[in-house]
Number of protein chains: 2
Amino acid sequence: MSAHHPATAELDLATVLHALSDPQRLQIVRELAADPEPRACGGFDLKVTKSTCTHHFRVLREAGVIEQQQLGTSRLNSLRRADLDERFPGLLDAVLAPVPA
Amino acid sequence: MSAHHPATAELDLATVLHALSDPQRLQIVRELAADPEPRACGGFDLKVTKSTCTHHFRVLREAGVIEQQQLGTSRLNSLRRADLDERFPGLLDAVLAPVPA
DNA sequence: ACAGAAGTTCGATAAACGTCGTACAATGAG
DNA sequence: CTCATTGTACGACGTTTATCGAACTTCTGT
């Protein structure tokens, strides 16, 4: 069951922005960016149920923000930083930047 | 009826990203960025009705992306570029940048 | 005063969204 | 084999969203 990942050239800005416009998903992306080690879905401190997590990870994957690879029963998530930087230069950096005081 | 504009310090990233995640609104922002002259709502080539335009301009305004000032029967829209740059440095530039070939 | 132009307001509607719970499949440990 | 772990699939739910049309307000020109 190889989940669908869009190619870099197919990434759509509106779709990516929508994927990033949810607080839970924003937190996922922030944690992934903070520690570049791929991490299983359960390794995030989200205050929603498992099935909701599945939903959010799918939205991020189908938008092309993250990549998922199966490993045992876990699914390792990693940020598609290079692809995003190539297609939308500066976007991820701006989204991940701490808010100025 | 002075419409509500959020203060710069109150701009919320998720809200701004959501406001930018719609094709119509993205086009509005692009046109506003291309020509820094404030423009009336009707001056955009949108393929939706007037009342839908009202909706989109309100979403952008309440997210803090645009500023609206009344002038006669028109409402002039301008991008809050300085405020956005101050609060989310690089974000607007990344969103407005042409997609690399 | 009247007519036109520019937007808003107010339902309405159909679709998408975020969330949950339960049931299910697949893998790894004992 | 059995069982716990990890995540998915599916249906359900209430909310939000994007869209429209019709009626309305406000200003401007004549």
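Treat the numbers as computed from the prediction; the structure is a model and nothing was measured.
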OP1, OP2 of C/dA6 versus side-chain N and O of B/R75: anything below 4.0 Å?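 No, outside the criterion.
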Below 4.0 Å: OP1/OP2 of D/dT6 and any side-chain N or O of A/S74: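 Indeed not, no polar side-chain atom of A/S74 lies that close.
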Kindly list each side-chain donor-acceptor pair under 3.5 angstrom involving residues 82-101 of chain B, sequence neighbours excluded, with atom names and distances?
| unit_1 | atom_1 | unit_2 | atom_2 | d |
| --- | --- | --- | --- | --- |
| B/D83 | OD1 | B/T8 | OG1 | 3.2 |
| B/D83 | OD2 | B/R80 | NE | 3.0 |
| B/D83 | OD2 | B/R80 | NH2 | 3.1 |
| B/R87 | NE | B/T8 | O | 3.3 |
| B/R87 | NE | B/L11 | O | 2.9 |
| B/R87 | NH2 | B/A9 | O | 3.2 |
| B/R87 | NH2 | B/L11 | O | 3.1 |

Sugar-phosphate means primed atoms, P, OP1 and OP2; the rest is base. With that split, encode nucleotides 18-30 of chain C 5' to 3' as B, S or - using protein heavy atoms under 4.0 Å. SBBB----BBS--
I need the [atom1]-[atom2] distance between [X] and [N], as an integer number of Å.
{"X": "A/H4", "N": "D/dT8", "atom1": "NE2", "atom2": "C1'", "result": "18 Å"}
{"X": "A/F57", "N": "D/dT6", "atom1": "CZ", "atom2": "C1'", "result": "12 Å"}
{"X": "B/L46", "N": "D/dC20", "atom1": "CG", "atom2": "C1'", "result": "15 Å"}
{"X": "B/F44", "N": "C/dA6", "atom1": "CZ", "atom2": "P", "result": "14 Å"}
{"X": "B/R58", "N": "C/dT9", "atom1": "CZ", "atom2": "P", "result": "7 Å"}

Is there a path of hydrophobic side-chain contacts, each under 4.5 Å between heavy atoms of I/L/V/M/F/W/Y residues, joining A/L79 to A/L76?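 A/L76 and A/L79: separate clusters.
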[X] versus [Y]: any side-chain heavy-atom pair under 4.5 Å?
{"X": "B/T54", "Y": "B/C41", "answer": "no"}
{"X": "B/H55", "Y": "B/V59", "answer": "yes"}
{"X": "B/S21", "Y": "B/H18", "answer": "yes"}
{"X": "A/R58", "Y": "A/Q68", "answer": "no"}

Can you name the closest pair of heavy atoms from A/E31 and A/G43 and give their distance?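 Scanning both residues, the minimum pair turns out to be OE1-O, 4.2 Å.
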Work out which heavy atom in B/N77 is nearest to a heavy atom in B/F44; give both atom names and the distance.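 Heavy-atom minimum between the residues: ND2-CE1, 4.2 Å.
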So which of residues 28-38 of chain B are in contact with DNA chain C, with a heavy-atom cut-off of under 4.0 Å?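 Nucleic-acid contacts, sorted: none.
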